[in-house]
Enquirer: 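One structure follows; several queries about it will come next.
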Amino acid sequence: ERQNAESNSNIELHIASYSTADEANAHWFLLQQLNSDLLESRSHQVIEVNDGGQRIFRLRIKGFESLALAQDMCAQLIHRGEKCIPAETR
């Protein structure tokens, strides 16, 4: 059972990409303020990646127990005007 929970801990929502980590963290703060009913128990992660020689910072919401739960959260955020993509990372 624990093994199954660990294997699903890599399900996240990709919110957007930014040119700085500060911009990504600022958007997370705004998201939390506007969607506290959805996000109060969620944590985020900012991931730095190299995209074609350019550094970008991806904002992700972590900790979904299933892809279905991530998709449901994404649908609710899209309904409120946000963009997101459910993703299973490795």
Enquirer: Can you run down the salt bridge (Lys or Arg N to Asp or Glu O under 4.0 Å) pairs that involve residues 73-86, sequence neighbours left out, and say none if there aren't any?
Expert: D37-R80
Enquirer: Apply salt bridge (Lys or Arg N to Asp or Glu O under 4.0 Å) to R42 and list each qualifying residue two or more places apart in sequence or on a separate chain.
Expert: none
Enquirer: Running the 4.5 Å side-chain criterion over Ile, Leu, Val, Met, Phe, Trp and Tyr, what cluster does I47 land in, apart from itself?
Expert: V49, I56
Enquirer: Please enumerate all residues that pass salt bridge (Lys or Arg N to Asp or Glu O under 4.0 Å) together with R58, with sequence neighbours excluded.
Expert: none
Enquirer: Can you give me the closest heavy-atom contact between A24 and L59, atom names plus distance?
Expert: O-CD2, 3.7 Å
Enquirer: CD of Q33: more than 12 outside heavy atoms within 6.0 angstrom?
Expert: yes
Enquirer: Only counting residues at least two apart or in another chain, list the ones meeting side chain to side chain contact (heavy atoms under 4.5 Å, CB included) with L67.
Expert: I11, Q71, P86
Enquirer: Show your reasoning for whether side chain to side chain contact (heavy atoms under 4.5 Å, CB included) applies to I61 and L77.
Expert: CA-CA 12 Å; I61 302 173; L77 289 171; 4.2 Å; yes
Enquirer: Please list all pairs meeting disulfide (SG to SG under 2.5 Å) that have one or both residues in residues 14-64, counting only residues at least two apart or in different chains.
Expert: none
Enquirer: What pairs of residues pass the ring-ring contact (aromatic ring centres under 6.0 Å, His included) test when at least one of them lies in residues 38-57, not counting sequence neighbours?
Expert: W28-H44
Enquirer: Supply the members, apart from I85, of the Ile/Leu/Val/Met/Phe/Trp/Tyr cluster built from side-chain contacts under 4.5 Å; use none for a lone residue.
Expert: none
Enquirer: As an exercise, state the distance from CZ of R60 to OG of S17, rounded to the nearest 0.5 Å.
Expert: 8.0 Å
Enquirer: If we only count heavy atoms from C-beta on, is the T20 to R55 side-chain gap below 4.5 Å?
Expert: no
Enquirer: What verdict does the side chain to side chain contact (heavy atoms under 4.5 Å, CB included) test give for M73 and L38, after you've listed the backbone C-alpha separation in whole Å, the side-chain angles of each residue and the deciding distance to 0.1 Å?
Expert: CA-CA 8 Å; M73 171 77 72; L38 295 177; 3.8 Å; yes
Enquirer: Just to verify, what does S19 make a side chain to side chain contact (heavy atoms under 4.5 Å, CB included) with, not counting sequence neighbours?
Expert: E23
Enquirer: What residues, two or more places apart in sequence or in another chain, satisfy side chain to side chain contact (heavy atoms under 4.5 Å, CB included) together with I78?
Expert: C74, C84
Enquirer: Does D72 use its side chain to pair, donor to acceptor, with the backbone of A68 at less than 3.5 Å?
Expert: no
Enquirer: Answer whether the closest heavy-atom distance between the side chains of H27 and I15 falls below 4.5 Å.
Expert: yes
